[in-house]
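These notes concern the structure reproduced below.
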Amino acid sequence: MNIVIVDDEAPARTRLRELLADIPDCTVTGEAGNGRDALTVWERVQPDVMLLDIRMPVMDGLETARHLAALDKPPAVIFTTAYDEFAVAAFDTHAIAYLLKPVRREKLAEALAHAGQLNRVQLARLGTQTAQPRRHLCARLGERLQVVAVDQVQCFIAEQKYVNVYHSGGALLIDEPLKELEQEFAGRFLRVHRNALVALPYIESLDKDGEGRFSLRLRGHSEPVEVSRRLVAEVRERLRGGH
């Protein structure tokens, strides 16, 4: 069983590595100090199991698990946490494996023996537990994972079954409904057309052409984004309100 350890504290990673050394058929194939780096490690070694700390900088364990669960062949996930038992109950302990810190060898061995991939129901439940919107978006690019920070995204443009994500470094394609993106990122993105959401901080101007059509110019985005006539008033209101 190949295992990746993800924790922002080096002593915690060392402890888990030492415990795993005493458990038969377990091999540590990688480590990471945050969730974003963990996705890079997954790409390189594709482990059977990830031990994920919950509280980490850059990308926490809950968001990381959501990205992993969307992969074609995700690893099993076991959370490690310093939360007390009452807080842990919020994660539905019957659905999601977890270990309380300091981790004990017997508990670790037991969790590994029952580790399984998150199913759709658990993933949906996990999404509700995070409360906060994701800070990153993740997409497959061939055999690689592409991770983009949400604060670098200029707009989402829906095209048939997929959504184009335009960001400061280029673009990527994701398979997520525009409506769900609108709900998750309501504080940052504004619906301007049935097929478009724009990031409020990137709006430079609302323009009107000679034929009365409206569009938005976004910082760093070469193409104007069309604004639906029925949404022009709401867009103007948001812009007057300082976003």
Side-chain angles (χ1 to χ4, degrees), residues 6 8 32-40 42 50 52-71 74 77 79 81 83 87 90-92 95-96 118 120-141 145-159 161-203 216 218-221 225 231 234-235 237-239 241-243:
V6 187
D8 62 321
N34 62 67
R36 181 158 185 164
D37 289 346
L39 295 177
T40 301
W42 173 88
M50 266 201 186
L52 280 177
D53 186 20
I54 290 181
R55 285 183 173 172
M56 294 184 291
V58 185
M59 185 189 295
D60 65 27
L62 297 175
E63 181 177 345
T64 305
R66 291 176 67 185
H67 291 309
L68 290 170
L71 298 172
V77 169
F79 290 117
T81 176
Y83 290 144
F91 295 102
D92 186 351
I96 299 171
L118 292 175
R120 289 183 179 275
V121 173
Q122 293 164 356
L123 177 60
R125 191 184 298 272
L126 181 62
T128 64
Q129 302 296 349
T130 60
Q132 298 299 319
R134 286 169 292 174
R135 292 190 289 175
H136 299 79
L137 295 170
C138 184
R140 288 293 295 272
L141 193 63
L145 285 177
Q146 186 173 0
V147 182
V148 174
V150 172
D151 62 12
Q152 293 179 355
V153 175
Q154 301 147 339
C155 59
F156 296 107
I157 307 294
E159 186 176 338
K161 292 174 56 180
Y162 298 93
V163 171
N164 289 289
V165 181
Y166 293 96
H167 57 93
S168 55
L172 72 154
L173 204 63
I174 61 175
D175 183 13
E176 297 188 44
L178 201 65
K179 184 175 182 179
E180 291 183 9
L181 292 167
E182 180 182 14
Q183 292 171 344
E184 182 176 1
F185 302 114
R188 183 175 182 86
F189 290 85
L190 176 66
R191 171 82 71 162
V192 300
H193 194 275
R194 61 182 175 78
N195 71 342
L197 302 174
V198 299
L200 290 164
Y202 282 90
I203 296 176
L216 286 168
L218 306 179
R219 172 169 48 89
H221 186 63
V225 178
L231 294 174
E234 182 180 349
V235 171
E237 182 65 26
R238 292 294 293 270
L239 294 179
H243 301 170

So which atom in [X] and which in [Y] form the shortest heavy-atom distance, rounded to 0.1 Å?
X: Ala65; Y: Val77; value: CB-CG1, 4.3 Å
X: Ala69; Y: Pro74; value: CA-CB, 4.1 Å
X: Lys161; Y: Asp175; value: O-OD1, 3.7 Å
X: Val147; Y: Met59; value: CG1-CE, 4.1 Å
X: Gln152; Y: Tyr202; value: CA-OH, 3.4 Å

Test item: [X] and [Y] side chains (from C-beta on) under 4.5 Å apart, heavy atoms:
X: Thr40; Y: Leu145; value: no
X: Thr64; Y: Val6; value: no
X: His193; Y: Val225; value: no
X: Tyr166; Y: Asn164; value: yes
X: Arg191; Y: Glu234; value: no
X: Asn34; Y: Asp53; value: no

**Request:** Given side chain to side chain contact (heavy atoms under 4.5 Å, CB included), test His136 with Val148 step by step and report yes or no.
**Result:** CA-CA 5 Å; His136 299 79; Val148 174; over 6 Å; no
As an exercise, state the distance from [atom1] of [X] to [atom2] of [Y], rounded to the nearest 0.5 Å.
X: Leu39; Y: Met50; atom1: CG; atom2: CE; value: 6.5 Å
X: Leu200; Y: Leu218; atom1: CG; atom2: CG; value: 10.0 Å
X: Leu62; Y: His67; atom1: CG; atom2: NE2; value: 11.5 Å
X: Leu173; Y: Gln146; atom1: CG; atom2: CD; value: 10.5 Å
X: Cys155; Y: His221; atom1: SG; atom2: NE2; value: 4.0 Å
X: Leu68; Y: Cys138; atom1: CG; atom2: SG; value: 8.0 Å

**Message:** Take a 6.0 Å sphere around CZ of Arg55 and say whether it holds more than 12 heavy atoms from other residues, nucleotides or ligands.
**Reply:** no
**Request:** Tell me, yes or no, whether the heavy-atom count around Gln183 atom CD, taken from other residues, nucleotides or ligands under 6.0 Å, exceeds 12.
**Result:** yes
**Check: Gln154 side chain, Gly220 main-chain N or O, donor-acceptor pair, under 3.5 Å** = yes
**Item:** Short side-chain to backbone donor-acceptor contact, Glu63 and Gly35, under 3.5 Å
**Value:** no
**Message:** I'd like to know whether Ile54 forms a side chain to side chain contact (heavy atoms under 4.5 Å, CB included) with Asp60, so could you lay out the CA-CA distance, the side-chain angles of the two residues, the decisive distance to 0.1 Å, and finally the verdict.
**Reply:** CA-CA 6 Å; Ile54 290 181; Asp60 65 27; 5.6 Å; no
**Prompt:** Can you say whether the rings of Phe189 and Phe156 are parallel (under 30°), tilted (30 to 60°) or perpendicular (over 60°)?
**Reply:** tilted
**Glu176: side chain to side chain donor-acceptor pair (under 3.5 Å) partners, not counting sequence neighbours** = Arg134
**Request:** Starting from the C-alpha separation in whole Å, work towards a yes-or-no answer on side chain to side chain contact (heavy atoms under 4.5 Å, CB included) for Val150 and Arg188.
**Result:** CA-CA 9 Å; Val150 172; Arg188 183 175 182 86; 4.2 Å; yes
**Message:** Could you walk me through whether Leu197 and Val163 satisfy the side chain to side chain contact (heavy atoms under 4.5 Å, CB included) test, starting with their C-alpha distance in whole Å, then the side-chain angles of each, then the deciding distance to 0.1 Å, before giving a yes or no?
**Reply:** CA-CA 10 Å; Leu197 302 174; Val163 171; over 6 Å; no
